[in-house]
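First comes the structure, then the notes that go with it.
Count residues from 1 along the sequence.
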Amino acid sequence: MNNRTVLEILPQGVTDFFNEWQLRILALLSLSSQIALLLLGNRRKYKEQKWLRSILWLSYSPEDLIVAVFVGILSDCQGNGENPSQQLQAFWMPFLLLHLGGPDTITAYSSEDSELWTRQFLLNLLEFGWAASKIFVTSWKGKLLNFLAVPMFGSGLIKSGEKTWYLKSGSKDHLRKSMNRPHPPPPPPSPPSPSPSPSPSPSPSQSDEPACRCPGHIYTDIVLEPEGNRPSFPHFVFECDRPNRPNYAAFTRGYDFNGAPGCHCSCPPESEECEIVNIPSPESEKSEEVIIPSPPSKYKTITDADLLEKAVQFFPKFKRLFADLVLYWTDLQQSKSFFENISSAEAFQVVEIELGFMYDVFYAKPVAVYDEFSSLLRFINLLVSISVLFSFWMIDKHEFQYVDLIITWLLLVEAILQEIYCIILMCSSDRAENWLNKQEKTGMTRIYQAISSCRVPLVFPDKRRWSGSMGQCSLLRNSLENLHIVVWNFCCISPLLEMLSEAWNFCISPMSEMLSEIWNFFSICLEFEDCCVPNFLKILIFEQLQEKSRTASDIKKAKEFSAHKGESALENMNCLSELGWSIGEEFDENILLWHVATELCYYADLNRNSWISDENSNCKASTLVSDYMLHLLVNRPKMLPNGMGETRFQETCDEATKFFLSGNIKDKIQACEKLLQVDTKKRQPKEKEEKNCMSVLFNACLLAQSLQLLEKEMEWNREKKWKMMSNVWIEMLSYAASQCPSNQHAEALGRGGELLTHVWLLMAHFGLTEHSQAPRTCNRVSLL
């Protein structure tokens, strides 16, 4: 009696139902999780909701566990003799292995899954080995159903192998290795052969070029021309700082180059078109052909196809940022010359496309239509599923139970529809669209276009590349909400709460904390308001970055600009001496100071008159970026530099709540009026003088009053004041983007995207990044 199991305690009817339906339930769970991943996996690219992340996690995580339990139960059932239902249920095993590979819409739930790709590989290896022993040994009866399981097993092996490969491709180590391979050395030059007569000087279009150039190096062309009775030499190419470089002394031994005239050095950037002009030599009547770079062309009208092609060109070069690798100097020059001549909308569109490609690398299967091998695997899996379905249709099924037949048909139809769904997504992706734009109108391209036109709304994800929203958080609103809680606690129920506190802490609090951790894991962050990123904010960000890019004379200056936290904007407006104290070393303190001051100035101007309208883009941009930066500080602290921002925010909220409670304040406008009336000339409350106090409310009031005095003392109008404040906030946003770790930018792609990530990549395109280095000079010597 003491050794009975749970199933022995339960009634016999419940036990029989469990034994009969356990494999069916597992198969239906695996099927439903595949459908959820297929339909919702790509939607988190542009959506950020708790329910979406919860469903995806519940569908993605237990798949390995379902397969392991299914194989274990199937092993126990095989010992009970031959049973047609068990034979059909064994046929379900390849479909569950097919589900291990998952759809193309999702390969990793988070970036940590990609880093653990070796664990996934070993786990799949064990599961496939265990399942193969059951399919081909224990359950093999030589029937047609057993033979149909073989191609489905192969299809599942292909899908799981693909998933493991894409997980490996999304890991940081693989990214670094794939983009940090050494360039092949140039081929050694042929030995010199004596020439009886001077050979003519080759034109620049016919001159020999080195087989490969090291990106990021400046190459100098040195042409040595013969003169008089000096012997001429064949054309050789020498490169410095390269392995296996030719021995220059061996080729020039025995020849006297002392005072050889006609040497000319030129360094044309590779990103610019060159024109050839003739410049007469001062020493002779001969003329030399000198390469002079032509000015970059202006991009006046650019179509979406051109922007897509540019994004495809920039993506393999700038994805080095996500691997913490340095960008090549030549790539930066090409990018700067392009982005400085386009509009803000076009620039952000290119960035969106690139980050969409990066999302596919980390979280999906970036299959391209021009990848013949991947496309072939897609059609093989589709043909296998279709052939197995028709073969199953022809076999005798009278001995199988009706429920098992329904589940089998569902598994077969789902396998076919999943492949068709993924093929339609592949043919309607940005990569496919860019490939089709370059192809001629042939029968194959028309087929791809017909397939992509089957992308039905609601069933397929939108074409949006990110959420286009920015989170908002307000310290004053948070403090006023806490005010109602404080008032409620001090009412008549306070004694009741004290009486129930001991019981709560004893039995309910541990369970509540555990449930809270699970909920926070699903939701990732607290609830927050968000709003769409307006176009005028994109224009302000683009114009400021464009101006800095044009001002930066070299890479060192560009790095200095990316390290500014707002002091540069104050200096440009000639108010650094008055407000420079507000830009300190602690970045989280700067955010809180300027956030509270911005809210005080906004509601003070709003209460004074109706000056704030839709036309005041600087004012609205300041409030939007202010609330967004506080949202990052509270809900995304890992995306900002290390500090004590959360503690500082909480103490500032507590102090503001106490201040509002003492003054009987109920709304934001009244709260701002009271805070602007604070006497900041001397510190009266003793709490402000404590060393451990981290609240910035007093200094924020002082900053807000200083900003308001700019209109009186420096005779500024409100538009100029808000222009300065918007410049400060955009500079803070740029600094936060440059200091955010690359893995946090990658995580942001999986939850709808962040404006901070788009600013980070846009700064890199303008050359305002820490991931750059000064170019090294490599001499390329040509002997004529």
Side-chain angles (χ1 to χ4, degrees), residues 17-41 55-56 58-60 62-71 73-74 77 83-106 127 131 134-135 139 143-160 378 381-425 456 458-460:
F17 176 82
F18 181 78
N19 292 332
E20 184 180 3
W21 277 85
Q22 54 185 350
L23 291 178
R24 298 171 181 171
I25 292 174
L26 290 174
L28 291 174
L29 283 176
S30 180
L31 179 64
S32 59
S33 64
Q34 282 298 296
I35 295 174
L37 293 175
L38 184 68
L39 298 178
L40 303 178
I55 293 175
L56 288 177
L58 291 174
S59 302
Y60 179 85
E63 192 60 46
D64 293 320
L65 179 62
I66 290 175
V67 173
V69 175
F70 190 94
V71 175
I73 296 175
L74 190 63
C77 295
N83 189 342
S85 296
Q86 293 178 2
Q87 290 293 321
L88 187 58
Q89 290 171 356
F91 178 64
W92 297 346
M93 173 59 64
F95 293 93
L96 270 67
L97 297 176
L98 185 69
H99 295 168
L100 281 179
D104 291 356
T105 55
I106 180 172
E127 289 170 344
K134 301 304 175 186
I135 294 175
S139 302
K143 297 182 178 181
L144 181 59
L145 201 62
N146 299 127
F147 288 101
L148 292 180
V150 176
M152 292 305 303
F153 181 84
S155 181
L157 192 62
I158 291 174
K159 297 283 285 187
S160 297
R378 291 289 174 280
N381 290 335
L382 179 59
L383 292 177
V384 166
S385 301
I386 294 175
S387 61
V388 170
L389 183 139
F390 281 104
S391 300
F392 184 76
W393 179 280
M394 298 172 60
I395 66 174
D396 185 14
K397 298 179 284 295
H398 71 278
E399 59 182 357
F400 302 130
Q401 295 187 21
Y402 186 69
V403 177
D404 294 336
L405 286 176
I406 291 177
I407 295 176
T408 306
W409 284 117
L410 288 176
L411 291 172
L412 285 168
V413 172
E414 187 274 336
I416 296 174
L417 293 179
Q418 176 177 323
E419 293 301 327
I420 295 175
Y421 189 96
C422 294
I423 289 174
I424 294 175
L425 282 182
V456 183
L458 298 180
V459 178
F460 289 86

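Contacts of Gln34 classified as side-chain hydrogen bond (donor to acceptor under 3.5 Å, both in side chains), with partners at least two apart in sequence or in another chain: none.
A pairwise comparison of heavy atoms in Pro94 and Ala90 identifies CD-O, 3.8 Å as the closest pair. For the residue pair Leu389 and Leu412, the shortest heavy atom distance occurs at CD1-CB, 3.9 Å. The two residues Cys422 and Leu38 have their closest heavy-atom pair at SG-CD1, 4.1 Å. The nearest pair of heavy atoms linking Ala36 to Leu56 is O-CD2, 4.4 Å. In plain terms, the two heavy atoms of Ile416 and Ser385 that are nearest each other are CG1-CB, 3.6 Å. Smallest separation of non-hydrogen atoms from Leu144 and Ser391: CD2-O, 4.5 Å.
Figure legend: cation-pi geometry between Lys397 and Phe392, with NZ or CZ positioned under 6.0 Å from the six-membered ring centre and within 45° of its axis.
Note on ring orientation: taking the six-membered ring where Trp is involved, the planes of Trp409 and Trp393 are perpendicular (angle over 60°, cut-offs 30° and 60°).
With a 4.5 Å cut-off on side-chain heavy atoms, Lys159 and Asp104 count as touching. Taking the side chain as every heavy atom from C-beta outward, Leu88 and Leu145 approach each other to under 4.5 Å.
Here the straight-line distance linking atom CD of Glu399 with atom CG of Leu405 works out to 10.0 Å at 0.5 Å rounding.
Sequence neighbours left out, the pairs with a member in residues 89-102 that pass side-chain hydrogen bond (donor to acceptor under 3.5 Å, both in side chains) are Ser30-His99, Trp92-Thr408, His99-Glu414.
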Which donor-acceptor pairs under 3.5 Å do side chains of residues 20-29 form with protein atoms, sequence neighbours excluded?
from  : atom 1 : to     : atom 2 : distance (Å)
Arg24 : NE     : Asp404 : OD1    : 2.7
Arg24 : NH2    : Gln401 : OE1    : 2.7
Arg24 : NH2    : Asp404 : OD1    : 3.3
Arg24 : NH2    : Asp404 : OD2    : 3.4

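For the pair Thr105 (side chain) and Leu37 (backbone), a donor-acceptor distance under 3.5 Å is present.
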